[in-house]
Enquirer: 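Once you've had a glance at the structure underneath, I'll fire off some questions.
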Number of protein chains: 2
Amino acid sequence: MSDPVRDHVVAVADELFYTHGVHVVTMRRVRDTARVPLKRLYEIFPSKDVLLAACLTRRDLTARAAIRQRIDAIEDPVAKALGPFDFLDDWFRQPGFHGCVFAGAFGEAGAAAPIVVTAVRTHKQALRELLTELVAKTGIRDVDAVGAQLAVLFDGAMAIATFTGDTDAALHARRAAQALLDTAA
Amino acid sequence: MSDPVRDHVVAVADELFYTHGVHVVTMRRVRDTARVPLKRLYEIFPSKDVLLAACLTRRDLTARAAIRQRIDAIEDPVAKALGPFDFLDDWFRQPGFHGCVFAGAFGEAGAAAPIVVTAVRTHKQALRELLTELVAKTGIRDVDAVGAQLAVLFDGAMAIATFTGDTDAALHARRAAQALLDTAA
DNA sequence: TAATGGCGAGAACCGCGGTTCTCAAGGCGG
DNA sequence: CCGCCTTGAGAACCGCGGTTCTCGCCATTA
């Protein structure tokens, strides 16, 4: 099942899509960077959309793993639930930050590529579940409601950082999340 | 300065871009729908990007006007500050809701069209100022901080509704905003 | 050694869509 | 009436990029 060539291509394409944007990265460029002939590329991925979806799936996994790693050592449940926002803050301030790939991919592919839409939805859904899980550990009432609210803050910070480049967005979101967790306790 | 043909084209193109997406609406389609020859189209707008930016500017104005109209009759300052989220809720539940054009336009044009990026930023900035202005009228401390937090919630709800189709996003955002305004009072 | 079959490299195909050009119809001044 | 300029309708141009095809190389094998 695990094809090393496939994994390599997905890793390379994911990096390219994230760094330069889905639109400007052509299949030829993926070929050149991954050193894999177009022929084999199309044997593995029937179309660019399928390749993109594979990249988004990969990024969903790596992003969530990175968040979990970031909050792993935190003991206090409230601080742990706020950890994802610290993760965002770190991310936004990284020199190579170029916004959320999922937003870009969605905007470009639109309704024309259901497979991409599905990948985006899965990612957002998984993030919301992750946040809800963290809320549950704080012993707060209305776990689902507060989880959904944190998800709104999380995506809002990402949208603002992506669209306006405002690197303080994560801080605003974190402060709001803190207030919500405090009052809901 | 006010060219009726130009206004007509912008109105038509704006509607098309919003309904079908920037990507799939071609200049030919704008021509056919607006009944304006390509030649004149390109005399008014040197490129599609410029036309798109004009549409985004128009939508920024109409959207903010609609929000102001929605909250105009509300007297209580806190309820008034929550009004924009009710506006979002109404919008999300409209049959023709297709997400935020600005997100789609940004994703597609990307860094390749600075004029589009500028229009998106201006819009987001204006929304944040509108929310901050409403917060100021509640007499709350930390006007700027809470205004920024409401902006995060607003954009977050829009991102979630756009990407996942979850029409309850505005409700989550509204509840969170209410909690923030209550605790900051 | 010679047939063969997979494979890499890159050309070629093809439709699309932004942009520009052609041309004819019609109004208007002389 | 005649030339001229504007303007509309649509064809044509052009590059781009996803996708497919060609061809020659090399390894394997009888």
Side-chain angles (χ1 to χ4, degrees), chain A residues 3-56 101 104-117 119, chain B residues 3-56 101 104-117 119:
Chain A
D3 178 351
V5 176
R6 182 195 153 95
D7 294 345
H8 174 238
V9 169
V10 171
V12 166
D14 179 45
E15 183 64 26
L16 286 174
F17 286 149
Y18 173 65
T19 307
H20 305 287
V22 175
H23 180 67
V24 304
V25 172
T26 67
M27 291 298 269
R28 287 171 175 82
R29 188 159 180 189
V30 173
R31 170 199 66 184
D32 292 340
T33 310
R35 308 292 183 87
V36 170
L38 274 184
K39 197 179 175 187
R40 182 175 288 250
L41 228 51
Y42 278 94
E43 283 167 6
I44 305 174
F45 308 98
S47 73
K48 188 184 182 183
D49 286 342
V50 176
L51 170 59
L52 173 58
C55 292
L56 294 180
V101 213
F106 189 92
E108 178 162 348
I115 189 173
V116 172
V117 174
Chain B
D3 177 350
V5 176
R6 182 196 153 95
D7 294 345
H8 175 237
V9 169
V10 172
V12 167
D14 180 45
E15 182 63 27
L16 285 175
F17 285 150
Y18 173 64
T19 306
H20 305 286
V22 175
H23 180 68
V24 304
V25 172
T26 67
M27 292 298 269
R28 287 170 176 82
R29 187 161 181 187
V30 173
R31 171 200 65 185
D32 292 340
T33 311
R35 308 292 183 89
V36 170
L38 274 184
K39 197 177 175 186
R40 182 175 286 251
L41 228 51
Y42 277 96
E43 282 166 8
I44 304 174
F45 307 98
S47 73
K48 189 184 183 184
D49 287 341
V50 176
L51 170 59
L52 174 58
C55 293
L56 294 181
V101 213
F106 189 93
E108 178 163 347
I115 190 172
V116 172
V117 174

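Each chain gets a letter, A, B and so on, in the order the sequences are listed, and its residues count up from 1. We use all heavy atoms of the structure for the numbers below, so side chains are in, but hydrogens, waters and symmetry mates are not. None of these values were measured; they are calculated from a predicted model.
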Enquirer: If you only use heavy atoms from C-beta on, which nucleotide in C/dG18, C/dC7, D/dT19 is closest to the side chain of B/Y42?
Expert: C/dG18

Enquirer: Please give, in whole Å, the distance from C/dA9 P to A/R35 CZ?
Expert: 9 Å

Enquirer: Do the non-hydrogen side-chain atoms of B/F45 and B/V10 ever get within less than 4.5 Å of each other?
Expert: yes

Enquirer: Expressed as a whole number of angstroms, how long is the span from A/L41:CG to C/dG10:P?
Expert: 15 Å

Enquirer: Could you tell me how far apart A/K48 (NZ) and D/dT20 (C1') are, to the nearest whole angstrom?
Expert: 17 Å

Enquirer: Look up atom CZ in B/R40 and atom CG in B/D3, then write down how far apart they are to the nearest 0.5 Å.
Expert: 7.5 Å

Enquirer: Nearest to the A/K39 side chain among D/dT7, D/dG18, D/dC21, which nucleotide is it?
Expert: D/dC21

Enquirer: A/H23 NE2 to C/dC16 P: how many Å, rounded?
Expert: 17 Å

Enquirer: When the distance from CZ of B/R28 to C1' of D/dC14 is rounded to whole Å, what number comes out?
Expert: 12 Å

Enquirer: B/I44 has an atom CD1; how far is it from atom P of C/dT19, in whole Å?
Expert: 15 Å

Enquirer: Side chain of A/L38, heavy atoms from C-beta onward: which of C/dA11, D/dG18, C/dG8 has the nearest atom to it?
Expert: C/dA11

Enquirer: Over how many whole Å does the gap from B/M27 atom CE to D/dG10 atom P extend?
Expert: 17 Å

Enquirer: For a 4.5 angstrom cut-off between non-hydrogen side-chain atoms, does B/M27 reach B/L51?
Expert: yes

Enquirer: Would you please confirm or rule out a distance under 4.0 Å between OP1 or OP2 of D/dA9 and any side-chain N or O of B/R31?
Expert: no

Enquirer: Between A/R29 (CZ) and D/dT19 (P), how many Å, whole number?
Expert: 18 Å

Enquirer: Which nucleotide in the set D/dG8, D/dG18, C/dG8 lies at the smallest distance from any side-chain heavy atom of B/R40?
Expert: D/dG8

Enquirer: Atom OG1 of B/T26 and atom CG of B/D32: how far apart are they, to the nearest 0.5 Å?
Expert: 7.5 Å

